[in-house]
Amino acid sequence: MSATDLSRRGGRAVVWGMIAIVVILLVAAVLLFYNLPDAGAFNARVERIFVEQDLTTQAEIKLLEILALSGTAFAETLASYRVVIFVLMVFATALLITSLVLVATLIVLNRRMAQVEKAGIQVSSLVISRATNTVAINDMEFRLTQAAIETLAVLAEARMDGDILSGAAIEAMISGRDSAECDEASGATRIKRLRDTLGNQLVSEVLIRNITRQGYVLAIDRDVIRMI
């Protein structure tokens, strides 16, 4: 599956996810507002009492006025609650949509990273300069230590010859000793230091492959390597 297909699937998933979120929150908002009490119910009940009851004393009329004022305050409070609920629903919708977009983006990026790790880094140019202790990989330039540049140069020369080097062979070629006198751990240590010097984990881990029971090799086309 290509990165374009992943992007399209991720885009469709985000769109359908946003639609589902909006629909769910819209239904919840409708049910919530529908079940809220009527803001004018209290005042309507007070008005009904005033019409049905024969209120003559000053105290009864005063009590009715207090009830009417309470009903007005209740209506205003309920109206403010409706506004607060509406704002919270909008805020919740925005947060959920943002979270969905971020999750979908992370999933697509992880899949792309997995594809890159599986296929290997696409190197169109690898230029090693022993004079300046630098290596240029495509448009990225790395300044390495003397030991790291020697390790990379040995790997590059082996790749141009189509060879796979063991740790002992790498140590022997750099140190000038016989491979029988070198151990595997020394070469593995040089590879680790090279990867640490490169710094970029994606570049170092994918560029330098470790083939089980065979050794180390640069996972690039031999024709793109140049030594200066």
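This one's a predicted model, so the numbers in the text were calculated from it and none came from an experiment.
Judged by distance alone, with hydrogens and angles left aside, the side-chain atoms of Glu184 form a donor-acceptor pair with the main-chain N or O of Gly167 at under 3.5 Å. Here the side chain of Ser186 pairs no donor or acceptor atom with the backbone of Cys182 at under 3.5 angstrom. Asp161 contributes no side-chain N or O that, together with a main-chain N or O of Asp163, makes up a donor-acceptor pair within less than 3.5 Å. Checked by atom type and distance alone, the side chain of Asn210 never pairs as donor or acceptor with a backbone atom of Tyr216 at under 3.5 Å. At distances below 3.5 Å, not a single donor-acceptor pair connects side-chain atoms of Arg222 with backbone N or O atoms of Glu157. Remark: side-chain polar atoms of Arg130 are not paired, donor with acceptor, to backbone N or O of Met227 under 3.5 angstrom.
With sequence neighbours excluded, the residues forming a side chain to side chain contact (heavy atoms under 4.5 Å, CB included) with Val90 are Phe86, listed by chain and number. Residues passing the salt bridge (Lys or Arg N to Asp or Glu O under 4.0 Å) test with Arg177 are Glu171, sequence neighbours excluded. In this view, Val217 and Arg159, Ile164, Arg209, Ile211 satisfy the side chain to side chain contact (heavy atoms under 4.5 Å, CB included) rule, not counting sequence neighbours.
Here the side chains of Val135 and Leu152 are in contact, with some heavy-atom distance below 4.5 Å.
Interatomic distance, Gln146 CD to Asn133 CG, rounded to the nearest 0.5 Å: 4.5 Å. Put simply, CZ on Phe142 and CG on Leu194 are 10.5 Å apart, with the number rounded to the nearest 0.5 Å. Note: Leu126 CG to Leu218 CG = 7.0 Å, rounded to the nearest 0.5 Å. In this structure, the separation between OG on Ser175 and CZ on Arg190 is 6.5 Å, given to the nearest 0.5 Å.
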Inset, instruction - Under the side-chain contact (heavy atoms from CB on, under 4.5 Å) rule, what do Ile228 and Ile128 come out as? Steps first, then yes or no, please. - result: CA-CA 6 Å; Ile228 60 175; Ile128 300 173; over 6 Å; no
Inset, instruction - Determine, step by step, whether Ile137 and Ile220 satisfy the side-chain contact (heavy atoms from CB on, under 4.5 Å) criterion, reporting the C-alpha distance in whole Å, the side-chain angles of both residues, the deciding distance to 0.1 Å, and the verdict. - result: CA-CA 11 Å; Ile137 304 174; Ile220 59 176; over 6 Å; no
Inset, instruction - Check step by step if side-chain contact (heavy atoms from CB on, under 4.5 Å) holds for Leu144 and Thr134. - result: CA-CA 6 Å; Leu144 308 181; Thr134 59; over 6 Å; no
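Nearest heavy-atom pair, Thr145 versus Thr197, reported as atom, atom and distance to 0.1 Å: N-CG2, 3.9 Å. The two residues Arg143 and Thr132 come nearest to each other via the heavy atoms NH1-O, 3.0 Å. Nearest heavy atoms, Ile208 versus Arg195: O-NH2, 2.6 Å.
By the rule that hydrophobic residues join a cluster once side-chain heavy atoms approach within less than 4.5 Å of another member, Leu155 and Ile174 end up as members of one cluster. By the rule that hydrophobic residues join a cluster once side-chain heavy atoms approach within less than 4.5 Å of another member, Leu88 and Ile24 end up as members of separate clusters.
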